[in-house]
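The next block holds one structure in the form of structure tokens; read it before the comments.
All of these numbers come straight from a predicted model, not from anything done at the bench.
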Amino acid sequence: MTATELKDKFLLLYDKIAGNAAPPYLESEIESFLNMAQLEYVKNHYNYKKNNTKEGIEETEKRRKDLSELIKFNSPSVSQDQTGIFPNGTFYDLPNDLMYTLTENATITSENECINNNTIQIKPITHDEYNVSINNPFKKPNETIAWRMDFSKDSITQTKRHELITDGDYTISKYNLRYIKIPSDIDLTNNKTSELNEVVHDEIVNIAVRMATAVTEPSNYQIKAMEQQISE
């Protein structure tokens, strides 16, 4: 759908649910509902524990297509600010539009010819896991796996960061990241539609209408929300 068609569909469904007596929404308000709905859709369909079908992002063909337009690749660079790193750790600047990490690996450089230029896996861990495992020789990073932890934004560039931690016997020459990007805003003024696959546009409108109805007609919203749970 075009942005205009998204708005027209929203108005049609909203009038049908809320009725003629319900207060109308301004175009800017409709745009806000559509963008909130789009973001909610991405969050729910990435996190299978929250969607009603309990399907992960790539668990079925439909799930693979739902968010395919948001999948991107990036090779993050080393951050300017390395203050606060753990031993053998390095901060990397993340793309500004990163929402969720899908998969990641790294190319390494080493004086050991057996592992030089190898591609290794990246294992996301928490700070608690770091504290528990850092002194365990069987769980520490090695020549086949490096750890990754989330960290605050770079103090200079305000860029989001990951910290990669190795065993110190090699260096990371390239960090590879595939991720779900933050969807661009729907812009009704400039007729900029959702960049998500068109097959999910109806669902975005439905979510937006439920959000709008929750404000003006709470009882109708509860009924529609239950109907949606049954249909998904």
Side-chain angles (χ1 to χ4, degrees), residues 1-72 94-102 150 153 158 160 178-232:
M1 295 184 200
T2 65
T4 300
E5 289 171 335
L6 290 176
K7 182 184 74 173
D8 291 344
K9 185 71 173 291
F10 173 94
L11 290 171
L12 178 65
L13 294 179
Y14 175 70
D15 287 344
K16 184 177 180 180
I17 295 171
N20 295 329
Y25 282 111
L26 300 175
E27 183 172 286
S28 60
E29 294 171 325
I30 296 172
E31 182 177 282
S32 294
F33 281 124
L34 288 170
N35 282 312
M36 287 190 294
Q38 177 178 241
L39 199 59
E40 184 69 16
Y41 181 89
V42 175
K43 290 178 180 178
N44 287 343
H45 284 69
Y46 173 81
N47 187 351
Y48 75 93
K49 292 180 180 179
K50 289 187 177 180
N51 69 61
N52 294 320
T53 63
K54 301 298 183 291
E55 294 170 350
I57 179 175
E58 294 183 316
E59 197 164 320
T60 65
E61 179 68 13
K62 179 182 185 301
R63 292 293 180 202
R64 288 192 289 272
K65 291 293 189 293
D66 284 350
L67 301 182
S68 61
E69 302 300 327
L70 300 183
I71 298 176
K72 293 183 66 177
L94 301 175
N96 292 327
D97 61 355
L98 182 143
M99 188 170 183
Y100 299 118
T101 300
L102 286 178
D150 295 313
K153 293 180 179 179
Q158 293 300 298
K160 293 178 287 188
R178 187 170 286 198
Y179 65 99
I180 295 289
K181 70 181 287 290
I182 300 169
S184 300
D185 283 346
I186 297 166
D187 185 343
L188 297 181
T189 301
N190 296 302
N191 201 23
K192 182 181 177 183
T193 192
S194 171
E195 61 185 321
L196 270 70
N197 193 310
E198 190 164 349
V199 299
V200 307
H201 286 189
D202 278 331
E203 295 181 60
I204 292 172
V205 174
N206 289 338
I207 296 171
V209 170
R210 291 201 302 273
M211 288 179 170
T213 309
V215 177
T216 57
E217 297 288 330
S219 59
N220 281 343
Y221 163 76
Q222 292 173 357
I223 294 172
K224 293 300 175 182
M226 287 188 292
E227 289 175 351
Q228 179 67 16
Q229 289 180 348
I230 294 172
S231 65
E232 285 186 349

Checklist line | Ion pair check, E40 and R210, cut-off under 4.0 Å | finding: no
Does the side chain of [Y] come within less than 4.5 Å of [X]'s, by heavy atoms?
{"X": "K7", "Y": "M1", "answer": "no"}
{"X": "Y179", "Y": "M99", "answer": "no"}
{"X": "I30", "Y": "L6", "answer": "no"}
{"X": "L196", "Y": "V42", "answer": "yes"}
{"X": "D187", "Y": "D185", "answer": "no"}
{"X": "K72", "Y": "R178", "answer": "no"}

Would you give the length of the straight line joining atom [atom1] of [X] to atom [atom2] of [Y], rounded to the nearest 0.5 angstrom?
{"X": "T101", "Y": "Y46", "atom1": "OG1", "atom2": "OH", "value": "7.0 Å"}
{"X": "L98", "Y": "K160", "atom1": "CG", "atom2": "NZ", "value": "5.0 Å"}
{"X": "F10", "Y": "E29", "atom1": "CZ", "atom2": "CD", "value": "9.0 Å"}
{"X": "E69", "Y": "I180", "atom1": "CD", "atom2": "CD1", "value": "10.5 Å"}
{"X": "I71", "Y": "Y100", "atom1": "CD1", "atom2": "OH", "value": "14.0 Å"}
{"X": "M36", "Y": "L39", "atom1": "CE", "atom2": "CG", "value": "10.0 Å"}

Item checked: Pairing residues for D150 by the side-chain contact (heavy atoms from CB on, under 4.5 Å) criterion, not counting sequence neighbours -> R148, H162
Minimum heavy-atom distance between [X] and [Y], given as atom pair plus value:
{"X": "K153", "Y": "Q158", "value": "CD-O, 3.4 Å"}
{"X": "N197", "Y": "S68", "value": "ND2-OG, 4.2 Å"}
{"X": "D202", "Y": "K9", "value": "OD1-NZ, 2.7 Å"}
{"X": "T193", "Y": "T2", "value": "OG1-C, 3.7 Å"}
{"X": "A37", "Y": "A208", "value": "CB-N, 3.4 Å"}
{"X": "I204", "Y": "L34", "value": "CG2-O, 3.9 Å"}

Margin query: Which residues pass the ring pair (Phe, Tyr, Trp, His ring centres under 6.0 Å) test with Y25, not counting sequence neighbours?
Written below: Y14, F33
Checklist line | CA sep, side-chain torsions, deciding dist, call: T4, L188, side chain to side chain contact (heavy atoms under 4.5 Å, CB included) | finding: CA-CA 7 Å; T4 300; L188 297 181; over 6 Å; no
Checklist line | Side-chain (D97) to main-chain (I182) donor-acceptor, under 3.5 angstrom | finding: no
Notebook entry, point to check: Which of these, V205, I207, I186, V200, sits in a side-chain contact (heavy atoms from CB on, under 4.5 Å) with Q38?
Noted result: I186
Next item on the list: Any chance you could lay out the salt bridge (Lys or Arg N to Asp or Glu O under 4.0 Å) test for E195 and K181, step after step, and finish with the verdict?
Entry: CA-CA 11 Å; E195 61 185 321; K181 70 181 287 290; 2.8 Å; yes
